[in-house]
Trainee: 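Pasting in a structure now, in structure tokens, and then I'll have a few things to ask.
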Amino acid sequence: MPVITLPDGSTRQFDGAVTGTDIAAAIGPGLARAALAMVVNGAEQDIAREITEDASVKFITRKDDAALELIRHDTAHVLAAAVQALFPGTQVTIGPSIENGFYYDFARDEPFTPDDFPAIEAKMRELIAANTPFTREVIARDDAIALFESKGERFKAELIRDLPADQTITIYHQGGWFDLCRGPHLRTTGDIGTAFKLMKTAGAYWRGDSKNPMLSRIYGTAWRDQKELDAYLLQLEEAERRDHRRIGREMDLFHIQEEAVGSIFWHQKGWKLYRTVESYIRRRLDASGYEEVRTPQLVDRRLWEKSGHWDKYRKHMFIAEVVDEESTLALKPMNCPCHVQIFKQGLRSYRQLPLRMAEFGACHRFEPSGALHGIMRVRAFTQDDAHIFCTEDQIASETVKFVELLESVYKDFGFESFAVKFSDRPDERAGADDVWDRAEAALKTACEAAGVSYELNPGEGAFYGPKLEFVLRDAIGRDWQCGTIQVDFVLPERLDAEYVTAESTRARPVMLHRAIIGSFERFIGILIENYAGRFPLWLAPTQAVVATIVSDADAYAEEVVAALRAAGLAAEADVSNQKINAKIRDHSLHYVPNILVVGRKEAEERTVAIRRLGGAAQQVLPLAEAIALLKAEATPPDLR
RNA sequence: GCUGUCAUAGCUCAGGGGUAGAGCACUUCAUUGGUAAUGAAGAGGUCCUGGGUUCAAUUCCCAGUGACAGCACCA
């Protein structure tokens, strides 16, 4: 006699076992039509499942976010069914829902290409139109393995073998096709609707391991209705317009060419932006008790051998050969061992700790070709690196200080929110387990003290210690690690760093590796996409263009530019032989934040007409006033 | 690195077995104009590189390089 409690607190009693379908029908025909699945005691289930005991039940309708995930998951199933109908011999593997859609990985000798999409989509629409029910079947492990093996589905059989022993194994049928699946599902294929689209193909390793065979992945997107799908596709198009590679060219910021793959040619305007960011970070570090240093680019391999990097990362290091010498030098892939060398000069006292050593460290890493991406992932980059040498009980307070600094810096650059990930010990690592225990515990304590909530990223720590990652998102939703702080008990040991304690004994310092923006290259890439080229005035590489209406105003325009430059503003004159309309258009398309228009009238009255990017109105001000206004606006946030 | 797609003018792209085209940008001339395109003329390409097939290859085939998407990697 189950008693069902509904979300509004009301209860209904039934004579015996009931399905969600029964309950929804008992409540009303509207709900019976709308309910796609249900949540029983907090767990999502098929609406056709039976309930035999008292339970709280909530129905999922198309409006719920949970429905979107079911739609995506079910679309993946239909995709797999369509593919197997059209391409016999293709093996299925896994097909989850993901942000904005789903994918399905297939094993097939010939990978799929987008040319296959029209036929597959047509088949999918056919399966959806058939409105076939999804039905659930519980199956014994050995039967399941035998079933999939008999179909030649060796990947599925492998998955089943690796499922935990106590897990109930279920198969979902849709018509004659079935798949291993935990569920839950919608009622029928028809519940999926038609707002889906196959997007792209890609290779993906079986079980995410590059030692395994590569599968053919099909990505798709799926939504509740056509309106949502259209909005999503439009959003993708808009994101493409914000791509830093595109804006970088449009704004003449940088380029990359074949002769220096993974390295950036910074043009004048891009370098101006870079310098603005660098100056800002330097001021913040200076004000936060950091000491800036500069260490060598080329360092003998002996140091990398001692630090452990040679062993683990040699393949990713650029080696410099010297003709008449025996030594092997490597371009530094990171700065930490060099900073330890500075720390080791002379005897350090506990009184000097925490010692915060910063460097805008130029690093080179031979990244795999497939990893390169615009200026976000390059082979030559500069970190806003620093190492804090401290005692174990200073870890928490230093981490708190760092997080505060990072939050303040991100806010100044316009990033109000960002994700934090806690990455703990990887399989391949240096240092004993008890050291890792202490390092992870210290970082966790510090997070609590700093009030940081994080997502756990198991096994993703550095080889010498656990880390916190601060992640920013680019225009099309890809996540990039920018800031980081890492606790390291290992390197000081390996490189023999020590200090004199209050008791006059020797002790090892702890090293905190930390970066706020990560690398200038990546961060600037994110900045470009975040602002879509429309930078706040303090960051804009060209802050004002003085555009003349008639050539009689040319001399005055040059005078205005000189005055702006004297005030520290990046200004250019446009005295070209074009109409003012064309000049406005040209500079607007190049994201110039202020166009100062000068004609005969302005030249006579010694004024300028300011036109803001994106606005149509003009503001006529006396020259001195205009300069004061722009100068104030262009002041970096930390100097206001 | 792996899978797939792509590579034609500075940019965005069309074309096609008989050595190339558009728009924008660029240069010159005319035009001196009031807030998102003034007009005309001109210049500009080893059609990514190297092989092969062919009477003939920028086009077809193979390899390389690079870019893009995803996967793997990211000290």
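Throughout, protein chains are lettered first and strands after them, A, B, ... in sequence-line order, and every chain is numbered starting at 1. The shown structure was predicted, so the numbers you read here are calculated from the model rather than taken from an experiment.
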Trainee: Can you confirm whether or not the ring centre of A:Tyr464 sits under 6.0 Å from the ring centre of A:His513?
Mentor: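 Judged by ring-centre distance (under 6.0 Å), A:Tyr464 and A:His513 do meet the cut-off.
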Trainee: Could you work out the separation of B:G21 and B:A30 based on their P atoms and round it to a whole Å?
Mentor: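 One P to the other, the span is 30 Å.
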Trainee: A:Tyr591 ring centre to A:Arg534 NZ or CZ under 6.0 Å, with the angle to the axis within 45°?
Mentor: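 No; the conditions do not both hold, so A:Arg534 does not lie above the ring face of A:Tyr591.
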Trainee: Within the 4.0 Å heavy-atom criterion, would you say A:Ala582 contacts the bases, only the backbone, or no part of the nucleic acid?
Mentor: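 Since only primed, P, OP1 and OP2 atoms lie under 4.0 Å of A:Ala582, the category is sugar-phosphate.
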Trainee: Write down the distance separating the C1' atoms in B:U59 and B:U3, rounded off to the nearest Å.
Mentor: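 Here B:U59 and B:U3 have their C1' atoms 26 Å from each other.
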Trainee: Which whole number of Å gives the distance between the C1' atom of B:G15 and that of B:A57?
Mentor: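 Looking at atom C1' only, B:G15 and B:A57 are 15 Å apart.
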Trainee: Taking the same atom, P, in B:G33 and in B:A69, what whole-Å distance lies between them?
Mentor: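 About 48 Å, rounded to a whole number of Å.
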Trainee: Taking N and O atoms by type only, does the side chain of A:Arg217 place a donor or acceptor under 3.5 Å from a partner on the base of B:A69?
Mentor: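 Result: no qualifying N/O pair found.
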Trainee: Is the closest side-chain heavy-atom distance between A:Trp223 and A:Arg72 below 4.5 Å?
Mentor: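 Yes, close enough: below the 4.5 Å cut-off.
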Trainee: What's A:Arg314 touching, base or sugar-phosphate or nothing? Going by heavy atoms closer than 4.0 Å.
Mentor: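 Touches nothing.
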Trainee: Base, sugar-phosphate, or nothing: which does A:Gly308 touch, judged by heavy atoms less than 4.0 Å apart?
Mentor: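 The answer is nothing, as A:Gly308 stays clear of every strand by at least 4.0 Å.
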Trainee: Considering just the side-chain nitrogens and oxygens of A:Arg108, establish if one lies under 4.0 Å of OP1 or OP2 belonging to B:U3.
Mentor: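 No.
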Trainee: Nearest-Å distance, CZ (A:Arg612) to P (B:A36)?
Mentor: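 Between P of B:A36 and CZ of A:Arg612: 17 Å.
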Trainee: Report yes if the distance between the aromatic ring centroids of A:Phe106 and A:Tyr104 is under 6.0 Å, otherwise no.
Mentor: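 So the answer is yes for these two rings.
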Trainee: What is the nucleic acid contact for A:Glu240, judged by heavy atoms within less than 4.0 Å: base, sugar-phosphate only, or nothing?
Mentor: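 No contact.
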Trainee: With a 3.5 Å cut-off and just heavy-atom distances, do the side chain of A:Arg377 and the base of B:C74 make a donor-acceptor pair?
Mentor: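 Answer is yes: a donor-acceptor pair is held.
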Trainee: Would A:Tyr313 pass as stacked on B:A75, i.e. its ring centre under 5.5 Å from the base's six-membered ring centre and planes under 30° apart?
Mentor: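 Yes; centroid distance and tilt both under limits.
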Trainee: I want to check one thing: is the phosphate of B:G1, taken as OP1 and OP2, less than 4.0 Å away from some side-chain N or O of A:Ser369?
Mentor: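 It does, given that an N or O in the side chain of A:Ser369 lies less than 4.0 Å from OP1 or OP2 of B:G1.
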Trainee: Students often get this wrong, so: under 4.0 angstrom with heavy atoms, is A:Phe112 touching a base, only sugar-phosphate, or nothing?
Mentor: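 Nothing, no heavy atom under 4.0 Å.
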Trainee: If I pick the C1' atom on B:G45 and the same atom on B:U19, what distance separates them, to the nearest angstrom?
Mentor: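 Nearest-Å result for B:U19 against B:G45 at atom C1': 11 Å.
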Trainee: Starting at atom CG of A:Asp479, determine the distance to atom P of B:G70, rounded to an integer number of angstrom.
Mentor: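 My rounded result for the distance is 12 Å.
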Trainee: Counting any heavy atom closer than 4.0 Å, what does A:Ala617 reach on the DNA or RNA strands: base, sugar-phosphate only, or nothing?
Mentor: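 Answer is nothing: A:Ala617 stays at 4.0 Å or more from every strand.
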Trainee: Examine B:A69: is either OP1 or OP2 under 4.0 Å from a nitrogen or oxygen in the side chain of A:His373? Give yes or no.
Mentor: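 So the side chain of A:His373 is within the cut-off, an N or O lying under 4.0 Å from OP1 or OP2 of B:A69.
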Trainee: Think A:Lys467 has a side-chain N or O under 4.0 angstrom from the OP1 or OP2 of B:A75?
Mentor: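 So the side chain of A:Lys467 is within the cut-off, an N or O lying under 4.0 Å from OP1 or OP2 of B:A75.
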Trainee: So, A:Tyr290 versus A:His387, ring centres under 6.0 angstrom or not?
Mentor: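 A:Tyr290 vs A:His387: aromatic centres not under 6.0 Å.
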Trainee: Taking for each residue the nucleotide of RNA chain B bearing the nearest heavy atom, is the 5' side occupied by A:Arg600 or by A:Arg245?
Mentor: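 Looking at RNA chain B, the more 5' nearest nucleotide goes with A:Arg600.
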Trainee: Round to the nearest Å and state the distance from A:Arg246 atom CZ to B:U12 atom P.
Mentor: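 Distance check: A:Arg246 CZ to B:U12 P gives 9 Å.
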Trainee: Starting at the 5' end of RNA chain B, which residue's closest nucleotide do you reach first, A:Val597 or A:Gln383?
Mentor: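 This one resolves to A:Val597.
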Trainee: Check this one for me: any side-chain N or O of A:Arg249 less than 4.0 Å away from OP1 or OP2 of B:U12?
Mentor: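 Yes, within the criterion.
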Trainee: Mind checking A:Tyr219 for me? I need base, sugar-phosphate or nothing, with any heavy atom below 4.0 Å counting as a touch.
Mentor: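 Sugar-phosphate contact only.
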Trainee: To the nearest Å, give me how far apart CG (A:Asp385) and P (B:C74) are.
Mentor: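 Spelled out: CG on A:Asp385 to P on B:C74 is 18 Å.
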Trainee: Taking ring pair (Phe, Tyr, Trp, His ring centres under 6.0 Å) as the cut-off, I'd like each qualifying pair that reaches into residues 246-265 of chain A, sequence neighbours left out, listed once.
Mentor: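 Pairs touching residues 246-265 of chain A that pass the test: A:Phe254-A:Trp266, A:His255-A:Phe265, A:His255-A:His267.
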Trainee: Among B:C73, B:A75, B:G70, which nucleotide sits nearest the side chain of A:Ala462?
Mentor: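 For the A:Ala462 side chain, the nearest candidate turns out to be B:A75.
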Trainee: Would you give the length of the straight line joining atom OG of A:Ser519 to atom CD of A:Gln383, rounded to the nearest 0.5 angstrom?
Mentor: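 These two atoms lie 7.5 Å from each other.
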Trainee: Can A:Arg377 be said to sit on top of A:Trp480's aromatic six-ring, NZ or CZ under 6.0 Å from centre and within 45° of the ring axis?
Mentor: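 A:Arg377 over A:Trp480 ring: no.
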Trainee: With a 4.0 Å cut-off on N to O distance, would you call A:Arg612 and A:Glu633 a salt bridge?
Mentor: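 Judged by the 4.0 Å cut-off on N to carboxylate O distance, A:Arg612 and A:Glu633 do form a salt bridge.
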Trainee: With distance as the sole criterion, do the side chain of A:Tyr205 and the base of B:G70 form a donor-acceptor contact below 3.5 Å?
Mentor: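 Donor-acceptor pair under 3.5 Å: no.
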Trainee: Do the side chain of A:Glu110 and the base of B:G4 come within less than 3.5 angstrom through a donor-acceptor pair of N or O atoms?
Mentor: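 Per atom types, no contact qualifies.
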Trainee: For A:Gln257, does the CD atom have more than 12 heavy-atom neighbours from other residues, nucleotides or ligands under 6.0 Å away?
Mentor: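 Atom CD in A:Gln257 is crowded, with more than 12 foreign heavy atoms closer than 6.0 Å.
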Trainee: When the distance from CD1 of A:Ile549 to P of B:U38 is rounded to whole Å, what number comes out?
Mentor: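 Going from CD1 in A:Ile549 over to P in B:U38 covers 14 Å.
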Trainee: Whether the side chain of A:Ser551 and the base of B:U32 hold a donor-acceptor pair under 3.5 Å is what I'd like checked.
Mentor: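 When only heavy-atom distances are counted, A:Ser551 does reach the base of B:U32 through a donor-acceptor pair under 3.5 Å.
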Trainee: Only Watson-Crick and G-U wobble pairs, only distances under 3.5 Å, only runs of 3 or more: what stems does that leave for RNA chain B?
Mentor: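 Expected stems, ordered by start: B:1-7 with B:65-71, B:10-13 with B:21-24, B:26-30 with B:38-42, B:48-52 with B:60-64.
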Trainee: Check the distance between B:G34's P and A:Asp574's CG and give it to me in whole angstrom.
Mentor: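 Atom CG in A:Asp574 sits about 16 Å away from atom P in B:G34.
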Trainee: Looking at the side chain of A:Arg611, which of B:G66, B:U35, B:G4 is the nearest nucleotide?
Mentor: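 From the listed options, B:U35 comes nearest.
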